[in-house]
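To start, the structure under review is shown below, and the notes come after it.
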Number of protein chains: 2
Amino acid sequence: MGESTAAQPLSSSIGDYVKIIWELAGSGAASTTEIAARLSVAPASLTKMLGRLQELGLVSYERYRGASLTERGRAEALRSVRRHRLIETFLLEHLGYSWQDVHEEAERLEHAVSDNFTERLAEFLGHPARDPHGAPIPGADGVLAAEDSFPLGEVMAGGRVHVTRVHNEEAPVLAYLGERGLVPGRSLEVKEVRELDGVVTVEDEEGVSHSLGGPLARSIFVRLLS
Amino acid sequence: MGESTAAQPLSSSIGDYVKIIWELAGSGAASTTEIAARLSVAPASLTKMLGRLQELGLVSYERYRGASLTERGRAEALRSVRRHRLIETFLLEHLGYSWQDVHEEAERLEHAVSDNFTERLAEFLGHPARDPHGAPIPGADGVLAAEDSFPLGEVMAGGRVHVTRVHNEEAPVLAYLGERGLVPGRSLEVKEVRELDGVVTVEDEEGVSHSLGGPLARSIFVRLLS
DNA sequence: GTCTATTTTTAGCCTTAGCTAAATCACAAG
DNA sequence: CTTGTGATTTAGCTAAGGCTAAAAATAGAC
Ligand SMILES: [Mn+2]
Ligand SMILES: [Mn+2]
Ligand SMILES: [Mn+2]
Ligand SMILES: [Mn+2]
């Protein structure tokens with residue numbers, strides 16, 4: 001009944017392609033140029049790789065029509081994401097990495113660790129539910145908790161919120177937010193959401209207020225406090 | 001004065017070639033077939049790779065004459081060995097790996113971690129001097145402690161010794177020794193060293209005696225107790 | 001509906017790191 | 001010295017992953 005042979009681990013290139021397609025496509029399809037830009041690779045390289053990924057049964061792809069993950073592709077993506085997020089958690093909590101540096105190191109390590117390592121690390125870390133950026137960590141069974149928070153820009157002025165996640169990987173952005181304590185776990189009061197330019201002004205627990213441009217406000221996810 | 005450009009990290013293949021040449025050549029030169037066998041690679045692949053390693057300034061190599069490391073090659077080898085041994089220590093002490101399983105995982109991870117990771121890990125581990133097999137861990141400055149122990153087979157009968165190192169990477173061998181407690185840190189009394197076949201008989205602290213064949217006895221390194 | 005701008009693909013090339021088979025060298029035995 | 005054998009190298013091939021330049025398809029603007 002087995003349909004494949006020994007399930008040789010995917011190369012790190014393939015792992016990254018699948019992961020990016022998962023991030024980009026969600027349940028739909030991702031475009032060639034979009035994926036290429038995220039991976040800093042020429043669009044032509046994408047076309048070739050999408051063919052290979054299809055042969056491997058990881059994506060379903062039709063010329064000029066974009067790519068989406070197969071069930072198996074989605075499973076592989078979630079395994080990569082689990083490894084990545086557990087590693088980031090370890091780097092921050094035990095090796096003293098700063099918030100903005102964990103991603104780059106995890107991006108390499110995620111391709112080198114075995115499933116055995118991953119599960120032992122999860123155990124060592126106490127099976128965390130979220131990574132340092134507040135992103136949910138998929139379970140070993142491939143289940144990813146549904147996101148129940150929403151971008152800061154969608155809150156009405158006056159609302160009190162709890163930061164759950166910062167959905168951004170750029171180190172300078174993370175450094176900026178980290179310095180100001182705008183990190184998961186923080187409580188904020190939304191003072192103003194300006195229609196005009198999307199700038200959001202919030203006040204933190206110490207009464208300090210912060211202005212955040214539209215894109216930045218969209219990358220900070222929050223939950224309303226009762 | 002700088003002679004090289006950005007010092008892009010070496011590929012994992014190159015890292016392994018350099019490390020094996022270091023292990024095999026010591027201060028002399030290693031032969032093509034010897035290196036090839038250790039890396040499970042065809043001899044022809046070696047010849048090609050030795051050319052590349054020479055161009056990279058890592059080995060000095062003359063056709064039909066074997067290869068030896070340059071000063072830079074030796075430095076790279078020691079950096080790899082440091083990473084490898086620190087990772088093994090982490091796997092055993094914190095992730096609950098068994099003695100015989102750490103090597104394989106470290107063999108992959110050693111190519112994925114940055115210098116920053118390595119030094120933070122060393123700090124986390126408390127700057128251990130030896131890995132789980134008792135091998136000395138090179139310093140961040142590239143200094144490797146001189147080995148002051150010697151193989152069990154060279155001890156005279158009646159001598160009391162302290163096991164410092166097990167110089168063997170085969171998992172079944174390590175499992176066998178581990179089960180019997182013949183690991184670094186143990187004290188033993190040498191009962192007999194048989195000229196005939198090199199078999200060494202030792203007695204451990206609990207009075208249990210163990211017979212070890214020549215090759216095995218040669219891979220257990222000890223120091224004489226006062 | 002047609003046309004143009006933007007995507008996307010194709011074609012052809014490159015490097016790394018392997019392989020096999022065939023040629024060549026070194027060395028030890030005679 | 002000559003020669004045979006084992007070690008080593010050369011030649012030629014392969015696959016993965018990239019790239020650039022040119023061709024083709026799609027989609028949006030008119
Ligand atoms: Mn990340
Ligand atoms: Mn990655
Ligand atoms: Mn090892
Ligand atoms: Mn290795």
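For the numbers below, each heavy atom of this structure counts, side chains included, while hydrogens, waters and symmetry mates do not. Every value quoted in this text rests on a predicted model; they were computed, and no experiment measured them. Naming convention: chains lettered A, B, ... in sequence-line order (proteins, then strands); numbering from 1 in each chain.
For residues 36-46 of chain B, proximity to DNA chain D is found at B:P43, B:A44, defined as any non-hydrogen atom under 4.0 angstrom from a strand atom.
Taking atom CE of residue A:M49 and atom P of nucleotide D:dA15, one finds them 16 Å apart after rounding to whole Å. Taking atom CD of B:E55 as the reference point, atom C1' of C:dT15 lies 13 Å away to the nearest angstrom. The distance from atom CZ of A:R65 to atom P of C:dT9 is 11 Å, rounded to the nearest whole Å. Whole-Å rounding puts the A:Y64 OH to D:dG28 C1' distance at 18 Å. The distance between atom NZ of A:K48 and atom P of C:dC14, rounded to the nearest whole Å, is 13 Å.
Within the 4.0 angstrom heavy-atom criterion, only backbone atoms of the sugar-phosphate kind lie near A:T32; the bases stay farther away.
In this model, the phosphate group of D:dT9 is approached by a side-chain N or O of B:Y61 to a distance below 4.0 Å at OP1 or OP2. Distances shorter than 4.0 Å separate some side-chain N or O of B:R63 from OP1 or OP2 on D:dT10. Of the side-chain N and O atoms in B:Y17, one or more sit less than 4.0 angstrom from OP1 or OP2 of C:dG18. For the OP1/OP2 pair of C:dT6 and a distance below 4.0 Å, the side-chain nitrogens and oxygens of A:T33 include no atom meeting the criterion.
B:H103 has its ring centre no less than 6.0 Å from the ring centre of B:H133. A:F124 has its ring centre no less than 6.0 Å from the ring centre of A:F117.
Sequence order on DNA chain D of the closest nucleotides to B:L50 and A:S13 puts B:L50 first from the 5' end.
With 3.5 Å as the limit, one finds no donor-acceptor pair spanning the side chains of B:E34 and B:T32. When only modelled atom types and interatomic distance are considered, B:T118 and B:D115 share no side-chain donor-acceptor pair under 3.5 Å. Side-chain contact of A:E105 with B:S114: a donor-acceptor pair under 3.5 Å is present, judged by distance alone. For the residue pair A:H111/A:D16, the side-chain donor-acceptor check at 3.5 Å is satisfied.
B:E179 pairs by the salt bridge (Lys or Arg N to Asp or Glu O under 4.0 Å) definition with nothing, not counting sequence neighbours.
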